[in-house]
Amino acid sequence: MNVLLLGSGGREHAFAWKMAQSPSLSKLYVAPGNAGTREVATNVDMDAMDFRAIREFVLGNGIHLVIVGPEAPLVAGITDFFKADPSLRYIPVIGPSQMGAQLEGSKDFSKAFMMRHGIPTAQYHSFTADTLEQGLGFLETLEAPYVLKADGLAAGKGVLICDELVEARVELTSMLLDAKFGDASKKVVIEEFLRGIELSVFVVTDGKSYRILPSAKDYKRIGEGDTGLNTGGMGAVSPVPFADQAFIAKVEEQVVRPTIAGLAKDGIDYTGFIFIGLMNVNGNPFVIEYNVRMGDPETEVVIPRIQSDLLGLFEAMGNRELESYALTVDPRTACTVMLVADGYPGNYEKGHRITGLDRVEGSTVFHAGTTLKDGHVVTNGGRVLTVTSMGESLEEALERSFANAEIIDYAGKYYRSDIGTDLLELMSDN
Ligand code: AMP
Ligand code: GLY
């Protein structure tokens, strides 16, 4: 089977690394890929948003299956593009339709979806420039902190949590009247603040049945102790110790089943991942957000724990035979520690030579922002590499990743040395 994977991050390297182990794989292409995907697949210099170029490539290279890593091509309708083209319509795309991708592309759409299908989430109201006065009035009825969310995609920056009412009023006004997040904040969702511990649950579906993949917790802030600016993610751990069987059973009953049934009821075509961001509020799950793709770096801890064939899973999804797929999961703990470029998530330099990759032992390194220059791997993004380790315990996995994070080097290397320590503390308290 010939496969085309779209994307260029650590998530895509992890997918490619795992699919390369599949006996049914013939040729794997990654577009555009990075220096890591190049080791396990063929990189194609093609933009994941250039649907015309993708069409030519798929037809010219006998591609049997397309897997979409990031959300942007999904929100732009790549799955519908394939379905509407007589030559492409029988080639399965792993990723939802444009309508399904609205679960991530529009907060207002996803909140209305949850309300309609009785899925637990924070109470909310949506406002536009025309209803700013009502929005300011709604803020008065809430207690601090105030949660404001730009409706559209805002590169992970569209959520503001304000401690003071005055700050919330100013931010709401600037989002609606001054396009603080461009078109993404033409509409703003204001919602109730949820207190609890966050985690993510990942589901795959073929529109009929589903499988729940291992859960994970990620570390979003740049600074130790969860301080500073939000990033794409600085590390992750799987499984999440407090997400025991009883909690996951609640998630399945209250969130996963009604989500899958809701998609069918609303006539939304959905084959792909559903990444459910949850808050555990006193043992009860509340949905914070849906994403229509896998998380990054969550993929880099979830995929290494999947023992069954990943390409087989994608094939089963594409053929709507997920019901008969046997998912097996490694019970050990996986962690990943992201190495980033100094200055990230603000401005940073690129092109620094990376050393030590050949001396890594006991971990798997997934490339995020890397490329090849004059035969050497160099930095090419804010998030550069992520070091994944498995362990019988979380301590053991973390120890391996941190040791290898020290061995790898480049100018401006930075990583958080406290990934997982909150979970270790939580476990020692219980
Ligand atoms: P998002 O960009 O949608 O992942 O949101 C960013 C972060 O804001 C989440 O990871 C949560 O930590 C926080 N957050 C979002 N919604 C709420 C809420 N209703 N209550 C508390 N925290 C929230
Ligand atoms: N790590 C969070 C995300 O992929 O959205």
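The first residue of the sequence shown is numbered 1, and numbering continues consecutively from there. As the structure lists them, so they are numbered: ligands from 1, and atoms in each ligand from 1.
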Please could you name the atoms of ligand 1 that [X] approaches to less than 4.0 Å, counting only its heavy atoms?
{"X": "Ile161", "answer": "8 (O), 13 (C), 14 (N), 22 (N), 23 (C)"}
{"X": "Glu191", "answer": "16 (N), 17 (C), 18 (C), 19 (N)"}
{"X": "Met279", "answer": "21 (C), 22 (N)"}
{"X": "Ile288", "answer": "15 (C), 16 (N)"}

Measure the acute angle between the ring planes of [X] and [Y], then classify it against the limits of 30° and 60° as parallel, tilted or perpendicular.
{"X": "Phe15", "Y": "Phe273", "result": "parallel"}
{"X": "Tyr415", "Y": "Phe402", "result": "parallel"}
{"X": "Phe113", "Y": "Phe109", "result": "parallel"}

Task: Under-4.0 Å heavy-atom contact between protein and atom 15 (C) of ligand 1 - done: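 Yes, there is a protein heavy atom closer to it than 4.0 Å.
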- [ ] Indicate yes or no: does an N/O atom of Leu194 lie under 3.5 Å from an N/O atom of ligand 1?
- [x]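 Among all N and O atoms of Leu194, at least one is under 3.5 Å from an N or O of ligand 1.
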TODO: Mind checking whether Lys107 contacts ligand 1 via backbone (N, CA, C, O), side chain (CB onward), both or neither, at a 4.0 Å heavy-atom cut-off?
DONE: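 The side chain, only.
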TODO: Tell me which part of Asn230 gets within contact of ligand 1: side chain, backbone, both or neither, using heavy atoms under 4.0 Å.
DONE: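 The answer is neither; Asn230 stays 4.0 Å or more away.
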Please report whether the ring centroid of [Y] lies less than 6.0 Å from that of [X].
{"X": "Tyr414", "Y": "Tyr344", "answer": "no"}
{"X": "His13", "Y": "Phe366", "answer": "yes"}
{"X": "Phe193", "Y": "Tyr146", "answer": "no"}

Task: Stepwise side chain to side chain donor-acceptor pair (under 3.5 Å) check, Tyr210 with Glu252 - done: CA-CA 10 Å; Tyr210 64 86; Glu252 178 162 19; 2.4 Å; yes
Task: From the candidates Glu192, Glu289, Lys149, the one that places a heavy atom nearest atom 3 (O) of ligand 1 - done: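 The option holding the nearest heavy atom is Glu289.
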Task: Shell of residues surrounding ligand 2, defined by a 4.0 angstrom heavy-atom cut-off that is strict - done: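 Within 4.0 Å of ligand 2, protein side: Asp218, Gly232, Phe275, Arg293, Gly295, Asp296, Pro297, Glu298.
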Task: Distance-only side-chain donor-acceptor flag, Ser363 / Asn404, under 3.5 Å - done: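 Yes, a side-chain donor-acceptor pair sits under 3.5 Å.
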Task: Nearest-contact summary for atom 7 (C) of ligand 1 - protein heavy atom, Å - done: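 Atom 7 (C) of ligand 1 sits closest to the protein heavy atom Val159 CG1, 4.5 Å.
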Open item on the list: Give me the nearest non-hydrogen protein atom to atom 12 (O) of ligand 1 as residue plus atom name, then the distance to 0.1 Å.
Closed with: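 Result for atom 12 (O) of ligand 1: Glu198 OE2, 2.4 Å.
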Open item on the list: Tell me the closest heavy-atom pair linking Met279 and Arg195, and the distance in Å.
Closed with: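 Heavy atoms of Met279 and Arg195 come nearest at CG-C, 4.3 Å.
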TODO: Heavy atoms only: give me the nearest Ile91-Phe82 pair and the separation to one decimal.
DONE: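 Smallest heavy-atom distance, with atoms named: O-CD2, 4.0 Å.
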Open item on the list: Check for me whether Arg195 has a heavy atom closer than 4.0 Å to any atom of ligand 1.
Closed with: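 For ligand 1, residue contact (heavy atoms, under 4.0 Å) with Arg195 is absent.
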Task: Backbone N/O of Phe181 and side chain of Ser185: donor-acceptor pair under 3.5 Å - done: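 Answer holds: yes.
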Open item on the list: What verdict does the side chain to side chain donor-acceptor pair (under 3.5 Å) test give for Lys111 and Thr121, after you've listed the backbone C-alpha separation in whole Å, the side-chain angles of each residue and the deciding distance to 0.1 Å?
Closed with: CA-CA 8 Å; Lys111 294 296 286 192; Thr121 188; 2.9 Å; yes
